[in-house]
Each structure stands twice: as structure tokens, then as C-alpha cells.
Chemist: 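Mind looking over this structure? Questions follow.
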Protein chains: 2
Amino acid sequence: MAATEARGNTRELVLDAALASFGTAGYDGTSLDDLAAGLGIRKQTILYHFVSKRRLLDAVVDRCAGELVAALERALAQSRAGDSGDWERVEAMVREVFRLALDQPVLLGLLREVSRPNSPGAVRVRSHLEPLMARARRWMEDEMAAGRMRRTDAQLLLLSAYSTVVGVATEIEVLRAAGVGPTLRPVVQRRGELLRFLRRSLDPAART
Amino acid sequence: MAATEARGNTRELVLDAALASFGTAGYDGTSLDDLAAGLGIRKQTILYHFVSKRRLLDAVVDRCAGELVAALERALAQSRAGDSGDWERVEAMVREVFRLALDQPVLLGLLREVSRPNSPGAVRVRSHLEPLMARARRWMEDEMAAGRMRRTDAQLLLLSAYSTVVGVATEIEVLRAAGVGPTLRPVVQRRGELLRFLRRSLDPAART
DNA sequence: CAGCCTCCTTACCAGATGGTAGAGAGTAGG
DNA sequence: CCTACTCTCTACCATCTGGTAAGGAGGCTG
């Protein structure tokens with residue numbers, strides 16, 4: 001018992017620290033001992049809550065994916081409220097994702113770590129993202145069929161957008177490594193590029 | 001003595017395997033034992049040639065950086081031979097880098113691994129890239145001063161281009177993870193985006 | 001042959017890692 | 001008061017890690 005504050009939220013604190021560590025040091029580069037030491041607790045406390053390191057990663061991924069889904073759901077609901085066109089809806093989603101990423105840069109770190117081919121978290125992330133992707137894809141294909149969207153390869157477009165977001169993570173880190181200070185501008189630029197790319201690909205009213 | 005083929009090139013074989021493993025499994029995720037086992041040799045043979053795991057990574061990075069520099073030097077020489085304008089020269093360099101990346105996708109894996117914040121190889125890569133970047137930056141700033149290039153933040157532009165290349169690495173992996181087959185098209189697309197971006201930023205003759 | 005050098009090996013180790021077993025402390029309910 | 005449950009701890013372990021020490025086999029040179 002730490003006797004300090006933080007009574008029942010050890011679990012959450014561990015998740016926070018794990019998210020940060022997995023995102024920066026990577027899964028292999030994160031040791032439970034170090035993680036615990038950073039929190040002033042013992043490694044076994046972590047294992048009590050999460051059973052194994054692997055499951056801890058899963059829990060971190062689950063929580064983050066939950067936040068992402070919630071954010072997207074919110075953006076979708078809002079853009080549905082106003083009778084927006086397809087393009088406005090797409091833009092709202094993209095902006096929401098970037099907002100989430102800028103609010104919590106650690107999320108990007110995890111995303112990048114987990115996008116690595118042999119990452120233990122990759123399958124878990126996939127299981128969360130796949131339904132989202134499939135849903136988005138179906139929607140896009142319906143809109144295309146209805147002539148409200150320009151015809152294009154929906155899956156490839158979605159994956160490209162996804163990679164762009166992951167790429168933002170690396171860009172932020174590259175910039176920080178190079179000693180460039182506030183990283184807002186390039187991120188906003190990437191967002192602009194992505195939006196332009198999507199618009200060009202999807203919006204029937206956009207110039208080719 | 002393996003008694004098989006491969007006499008004096010054990011060193012190169014180790015470098016090849018290490019490049020692949022560092023690029024996919026990461027530095028921490030690569031064990032010397034596994035690396036050696038994959039080559040049918042003993043871990044100590046690796047250590048004989050490279051002294052330590054860290055130095056092995058350095059050697060891998062050095063070799064890759066050497067290839068990159070050579071490729072860029074070649075592209076530069078060629079574009080100097082013809083009396084190309086600035087923009088043609090920039091384009092030649094970009095195309096050369098992408099060509100190298102497509103020829104040897106493993107290079108991208110390493111680049112991504114080593115672009116991670118706390119990566120042991122990060123400093124080594126920086127020491128290779130910094131002179132290149134500084135040189136490019138000086139050149140660009142000269143051209144800007146002479147009015148042959150549009151004025152912009154040279155460093156930010158270079159870092160952005162760099163991130164784009166690293167981003168290509170993640171994109172390829174994302175696509176492969178999603179089961180999308182030949183990854184040529186999206187890569188070419190990224191190259192096109194980068195070239196367009198650079199042209200817009202640099203070429204005085206380009207449309208805004 | 002002797003000596004040296006290169007290359008790869010076996011033998012071994014200290015430290016870190018993820019994980020197990022079980023006890024202690026606090027709290028709630030009967 | 002006793003029991004049961006939750007949470008954290010100490011103690012311990014098997015395994016894997018990068019790394020050291022030393023030896024053997026082959027080739028070159030004196």
C-alpha cells in the first residue's frame with residue numbers, strides 16, 4: 001500500500017505508464033521492472049492486474065482503440081446531425097483523428113510501435129481496426145455506387161490514410177530528434193495533404 | 001569451419017541477416033543467438049567480427065548509409081553532367097532514393113527502426129545523414145538567395161522529405177499486413193506526392 | 001617444424017527478464 | 001471476532017541475454 005493518493009486506480013496508472021513506454025521504448029524495450037520502478041511499485045503488482053506482459057500490451061491497445069472508436073463515433077454523430085454531405089463527413093473524421101493524435105501524442109507512439117510487422121500487438125490492433133475499416137469501406141463503396149463519391153479503390157485509400165497517420169508519428173519524432181521545436185505546423189501540413197488527397201480521390205465536385 | 005561455400009564473406013552474411021532482423025524485429029527484438037542460428041553459425045562468431053551487438057548495429061547502419069551516399073552521389077553526378085536546372089536535380093535525387101528503397105526494402109525497415117526516438121542506432125544514422133542534410137540545406141539556401149528557388153524553410157522541407165521516405169516504410173508494412181499484394185502503386189504515389197510538394201515549395205516556375 | 005595469424009568453436013558467466021508461490025495488510029460483511 | 005476478498009508485497013526461479021576466456025583447425029611464412 002503506497003499510502004499516498006491513488007487508491008483504486010493503480011491499474012489505470014500502469015496503463016498510462018505502459019502506453020508511454022511501449023510507445024517510446026517499444027515492447028521488447030520495455031521491462032516490467034523498470035515500468036514498476038517508475039511507478040514506485042513492484043513488478044508483481046503489475047502482473048497481478050494484467051497476468052502477463054503480453055496481456056498488458058493487449059489492455060493498452062484495447063483502451064486506446066476504445067478511445068479512437070469513441071472519438072470517431074462522436075465525429076460521425078455530429079456530422080450526421082447537421083445534414084452534411086459525404087465529403088464533410090470524411091473531413092470531420094480525419095480532423096477528429098488528428099485532434100486525438102495531437103491531444104495525446106503517446107497514442108501515435110503506440111500506433112507506430114504496433115504497426116511493425118512482427119509486433120505482438122499488431123494482431124490485436126488489427127482486430128480493433130478491421131471492423132472500422134470494413135465499415136468505412138462498405139460505406140464508401142455504397143456512396144460510389146450511388147455516384148456520390150468518385151470511384152476508386154476504397155481499401156487502398158483507407159490504408160493510405162492510415163499510413164499517413166502513422167507517418168505523422170514518425171515525422172514528429174524525426175523533427176524532435178532534429179531539434180525542431182513545436183511540431184504543430186508540419187502535422188497540420190500532413191493533415192492538409194491527406195485531406196486534399198482524399199478530396200481529389202472522392203469528391204465528385206473536386207477538380208482533378 | 002563450415003566447410004561449405006562462403007569462405008571469407010561470413011562478415012557480409014552476418015550483416016545481411018542483421019539488417020533484415022533489425023529492420024523487422026527491431027534491435028531489442030533481435031538476439032545474437034537467433035541471428036547466428038539462422039546462419040548456421042555460433043553467436044561468438046558474430047561477436048568475433050563485430051565485438052558487440054551495438055557495434056554490429058553500427059556496422060549495419062554504416063554499410064547502408066554508405067550505399068545511400070553512393071547512390072545520391074551518383075544521381076548528383078549524372079544530373080550535373082547534363083546541365084539540369086535545380087528542379088531536375090532535386091527530382092533526380094528523390095527518384096534515386098526511392099529506387100534504392102524499392103530495390104532493397106530491408107533498408108526501409110532499418111530506417112524506420114532507427115528513426116525511433118530511443119533507438120541505439122539513431123545517433124549513428126544522424127551522424128551519417130547530418131552532413132548530407134547540411135550540404136543540401138546550404139545548397140538550397142544558396143539557390144534561394146540567388147532567386148533560383150522559391151524561398152522556404154530548407155531544414156523543415158528536408159526533414160519533411162525524410163519523414164516521407166520513412167513513412168513509405170510503414171506504408172509498405174501496413175499494406176502487407178492488410179494482405180495487399182504488390183505495393184508498388186502506393187509507393188509511386190507517395191513519390192509523386194513528395195515531388196509535387198517539393199516542386200510547389202521550390203520551383204519558382206511552378207504554380208502555387 | 002615452429003610460430004603466427006585468421007576464423008570459428010566450446011565452455012562458461014553475470015545480469016536481466018518474465019513469471020510463480022505465497023504471505024501480509026487492509027477492508028467489508030456476517 | 002472471524003472469514004473472505006482485494007491488493008500489494010517479498011522471495012524465488014528458469015530462461016535468455018550479451019559478453020568473456022580460451023582452445024582448435026587451417027593457412028602462410030620464416
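Residue numbering restarts at 1 for every chain, and letters A, B, ... go by the order of the sequence lines.
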Chemist: Determine the sole option in B/R89, B/R74, B/R191 for which the salt bridge (charged side-chain N to carboxylate O under 4.0 Å, His left out) test with B/E96 is passed.
Modeler: B/R74
Chemist: Measure the distance from CD on B/Q44 to C1' on D/dG19 and round it to the nearest whole Å.
Modeler: 8 Å
Chemist: Rounded to the Å, how far apart are B/H49 NE2 and C/dT6 P?
Modeler: 12 Å
Chemist: Measure from CG on B/D34 to C1' on D/dT17 and round the result to the nearest Å.
Modeler: 10 Å
Chemist: What is the distance from NZ of B/K53 to C1' of D/dC16, rounded to the nearest Å?
Modeler: 11 Å
Chemist: Expressed as a whole number of angstroms, how long is the span from A/D33:CG to D/dC13:P?
Modeler: 17 Å
Chemist: Do we get B/K53 above B/Y27's six-membered ring, with its NZ or CZ under 6.0 Å from the centre and within 45° of the axis?
Modeler: yes
Chemist: Phosphate oxygens OP1/OP2 of C/dT17: is one of them under 4.0 Å from a side-chain N or O of A/S31?
Modeler: yes
Chemist: From OH of B/Y48 over to P of C/dT10, roughly how many Å is that when rounded to an integer?
Modeler: 17 Å
Chemist: If you take atom types as modelled and just measure distance, does the side chain of B/K43 reach the base of D/dG18 with a donor-acceptor pair under 3.5 Å?
Modeler: yes
Chemist: Expressed in angstrom and rounded to an integer, what is the separation of B/R42 atom CZ from C/dA11 atom P?
Modeler: 12 Å
Chemist: Using the closest heavy atom to pick a nucleotide of DNA chain D for each, name whichever of B/V51 or A/T45 lands nearer the 5' end.
Modeler: A/T45
Chemist: With a 4.0 Å cutoff (strictly under), does any side-chain N or O of A/T10 reach OP1 or OP2 of D/dT8?
Modeler: yes
Chemist: So, are A/D62 and A/R124 salt-bridged, with charged N and O less than 4.0 Å apart?
Modeler: yes
Chemist: Would you classify A/L32 as touching base, sugar-phosphate or nothing, given that sugar-phosphate means primed atoms plus P, OP1 and OP2, and contacts are heavy atoms under 4.0 Å?
Modeler: sugar-phosphate
Chemist: Round to a whole Å and report the spacing from CG of B/L47 to C1' of D/dA22.
Modeler: 15 Å
Chemist: Taking NZ, NE, NH1 and NH2 as the nitrogens, is one of them in B/E141 or B/R135 under 4.0 Å from a carboxylate oxygen of the other?
Modeler: no
